[in-house]
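Remarks on the structure that follows.
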Amino acid sequence: MDKLLDGLILVRESYIKKKKIDAAIKRKFLSCIYDFYDSNYRHLPWRSTNNPYHILVSEVMLQQTQVNRVIDKYLLFIKKFPTIEALAHSSLHDVLGVWQGLGYNRRAKYLWQASQIIVSQYNGNVPDNEAELQKLPGLGKATAASVCIFAFGRPALYIETNVRTVYIYSFFANHQNVSDAMIRPLLEVTIDTTNPKKFYNALMDCGTCIKQHYNFSRHSAHYTVQKPYKTSLRKVRGDIVRYIVSYGATHKEILAQRLGYSPDKIQKALEALCRENLVCEDNGMYTIAKR
DNA sequence: CTCCAGGTTG
DNA sequence: CAACCTGGAG
């Protein structure tokens with residue numbers, strides 16, 4: 001791992017000297033990340049499948065959560081919903097039940113809706129190009145690219161936190177506010193089009209390693225500071241969904257009482273959840289939405 | 001207890 | 001650009 005960090009510093013120095021990435025620097029960069037990858041490969045369940053639906057599930061989970069928290073949920077999810085048809089035909093209630101612990105409930109709903117669109121409009125086949133993938137709910141630029149890469153082996157340009165870390169460490173270590181627009185051209189010339197899956201898997205593992213030693217997130221233009229937890233509605237919303245998922249339809253006064261929030265907070269959270277169609281009201285009782 | 005990781009949506 | 005969620009780290 002010191003070998004990775006030191007090797008990439010040599011890449012950085014050559015790049016500063018030559019001010020561009022020539023064939024020699026590209027070769028050096030790739031050999032650094034592949035050497036590391038060959039001896040530090042992480043055996044992750046979604047790396048040993050070619051099932052595009054399973055890849056889609058893993059990528060949606062990974063866009064919001066760190067690897068070690070996704071592994072068990074991913075295995076549980078594909079066990080419970082082994083095919084895209086199984087997911088499409090399940091209730092949102094059941095999907096959210098498996099999702100609890102991952103966070104961001106609306107993304108579970110987007111994934112569920114995406115599965116229904118794929119079944120009804122794509123004959124159950126996950127689209128294999130970025131434009132179509134990006135039309136699906138919950139898939140933006142990054143996840144569309146990652147599905148192209150990991151499900152179909154296409155050399156898409158994929159920029160997420162680990163990729164940013166590797167490129168900032170290798171090429172922008174003394175910069176502030178590095179934007180994705182600055183990273184993209186370097187990614188374009190360094191990408192290993194002969195094996196995009198291996199290339200990006202290696203970047204993921206290298207990024208994770210580098211982060212254990214340096215935190216470059218503040219160098220990225222994407223870095224933001226979160227609002228304080230207590231002044232937001234996040235926790236209340238999550239608690240409500242978790243309660244309804246385990247106990248079924250519930251009256252709002254019961255929610256306030258059981259969860260220990262003021263009726264006002266419960267009311268506000270319920271309004272937001274209903275507005276997003278995650279929860280709905282059925283004469284005084286709140287349940288998980290049906291669609 | 002506070003801080004922090006993560007990409008998409010509206 | 002703010003909101004979304006959870007749980008591990010400090």
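Just so it is clear, the structure is predicted and the values come from calculations on it, not from any experiment. Proteins get letters first, then strands, A, B, ... in listed order; numbering begins at 1 in each.
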Subject >> Sugar-phosphate, base or nothing in reach of A/Thr224, heavy atoms under 4.0 Å >> reply: nothing

Original post:
Quick one: is A/Thr65 getting a side-chain N or O under 4.0 Å of the B/dG6 phosphate, OP1 or OP2?
Top reply: no

**OP:** Would you state whether a donor and an acceptor, one from the side chain of A/Glu276 and one from the base of B/dG10, lie under 3.5 Å apart?
**Re:** no

Subject >> Span of DNA chain C, from the first to the last nucleotide whose atoms fall under 4.0 Å of chain A heavy atoms >> reply: C/dA3 to C/dG7

Original post:
Between atom NZ in A/Lys135 and atom C1' in B/dT9, what is the gap in whole Å?
Top reply: 18 Å

**OP:** Taking the six-membered ring for Trp and the single ring otherwise, decide whether the centroids of A/Tyr169 and A/Tyr214 are under 6.0 Å apart.
**Re:** yes

Subject >> Salt-bridge contact A/Lys26-A/Asp22 (side-chain N to carboxylate O under 4.0 Å) >> reply: no

Original post:
Among side-chain atoms of A/Asn51 and A/Thr49, is any donor-acceptor pair under 3.5 angstrom?
Top reply: no

Subject >> Residues in contact with DNA chain B, drawn from residues 240-263 of chain A - heavy-atom cutoff 4.0 Å >> reply: none

Original post:
Which ones in residues 52-60 of chain A lie close to DNA chain B, meaning a heavy atom under 4.0 Å from one of its atoms?
Top reply: none

**OP:** State whether the distance check finds a donor on one side and an acceptor on the other, under 3.5 Å, for side chain A/Gln64 versus base B/dA5.
**Re:** no

**OP:** State whether the number of non-hydrogen atoms from other residues, nucleotides or ligands found under 6.0 Å of A/Lys211 atom NZ is greater than 12.
**Re:** yes

Original post:
Closer to the 5' end of DNA chain B via nearest nucleotide, is it A/Asn162 or A/Tyr110?
Top reply: A/Asn162

Original post:
What is the distance from CD of A/Gln226 to C1' of B/dT2, rounded to the nearest Å?
Top reply: 11 Å

Original post:
What do you reckon, are the aromatic ring centroids of A/Tyr167 and A/Phe29 less than 6.0 Å apart?
Top reply: yes

Subject >> N or O in side chain of A/Arg218 less than 4.0 angstrom from B/dC4 OP1/OP2 >> reply: yes

Original post:
Could you give all pairs that pass the side-chain hydrogen bond (donor to acceptor under 3.5 Å, both in side chains) test and reach residues 248-260 of chain A, with sequence neighbours left out?
Top reply: A/Tyr243-A/Arg258, A/Lys252-A/Gln267

Original post:
Is the number of heavy atoms from other residues, nucleotides or ligands under 6.0 Å of A/Asn177 CG greater than 12?
Top reply: yes

Original post:
What is the distance, rounded to the nearest whole Å, between atom OH of A/Tyr214 and atom C1' of B/dC4?
Top reply: 21 Å

**OP:** For A/Arg69, report the nucleic acid contact type (base, sugar-phosphate, nothing); a contact means any heavy atom under 4.0 Å.
**Re:** base

Original post:
Atom NZ of A/Lys109 to atom P of B/dT9: distance rounded to whole Å?
Top reply: 14 Å

Original post:
Backbone N or O of A/Glu130 within a donor-acceptor pair of the A/Lys135 side chain at under 3.5 Å?
Top reply: no

Original post:
Thinking salt bridges, do A/Asp192 and A/Lys197 make one under a 4.0 Å N-O criterion?
Top reply: no

**OP:** Specify the separation, in whole Å, of atom CZ of A/Phe216 and atom P of B/dA5.
**Re:** 14 Å

**OP:** Using atom NZ of A/Lys235 as one end and atom P of B/dC1 as the other, report the distance to the nearest whole Å.
**Re:** 10 Å

**OP:** Using a 4.0 Å heavy-atom cut-off across all strands, classify A/Tyr158 as base, sugar-phosphate, or nothing.
**Re:** nothing

Original post:
Using a distance-only test with no angle check, is there a side-chain donor-acceptor pair under 3.5 angstrom linking A/Tyr104 and A/Gln63?
Top reply: no

Subject >> A/Phe172 side chain reached by A/Leu186 side chain, heavy atoms, under 4.5 Å >> reply: yes

Original post:
So what does A/Asp180 hit on the nucleic acid, given a heavy-atom distance under 4.0 Å: a base, only sugar-phosphate, or nothing?
Top reply: nothing

Original post:
Looking at residues at least two apart in the chain, or sitting in another chain, which of them share a side-chain hydrogen bond (donor to acceptor under 3.5 Å, both in side chains) with A/Glu276?
Top reply: A/Arg237

Subject >> Sugar-phosphate only, base, or nothing, as touched by A/Leu139 at under 4.0 Å among non-hydrogen atoms >> reply: sugar-phosphate

Original post:
Are the ring centres of A/Trp46 and A/Tyr74 closer than 6.0 Å?
Top reply: yes

Original post:
Which comes earlier along DNA chain B counting from the 5' end, the contact point of A/Asn215 or that of A/Pro137, where each point is its nearest nucleotide?
Top reply: A/Asn215

Subject >> No-hydrogen, no-angle side-chain donor-acceptor test under 3.5 Å, A/Tyr200 and A/Asn162 >> reply: no

**OP:** Could you state the atom-to-atom distance from CD of A/Gln212 to P of B/dA5 in whole Å?
**Re:** 14 Å

Original post:
Counting only N and O atoms by type, is there a donor-acceptor contact under 3.5 Å from the side chain of A/Ser220 to the main-chain atoms of A/Ser217?
Top reply: no

**OP:** Could you identify which residues of residues 96-103 of chain A place a heavy atom less than 4.0 Å from some atom of DNA chain B, listed by residue number, or say none?
**Re:** none

Subject >> Nucleotide B/dG6, atom C1' - distance to CG of A/Asn68 in whole Å >> reply: 13 Å

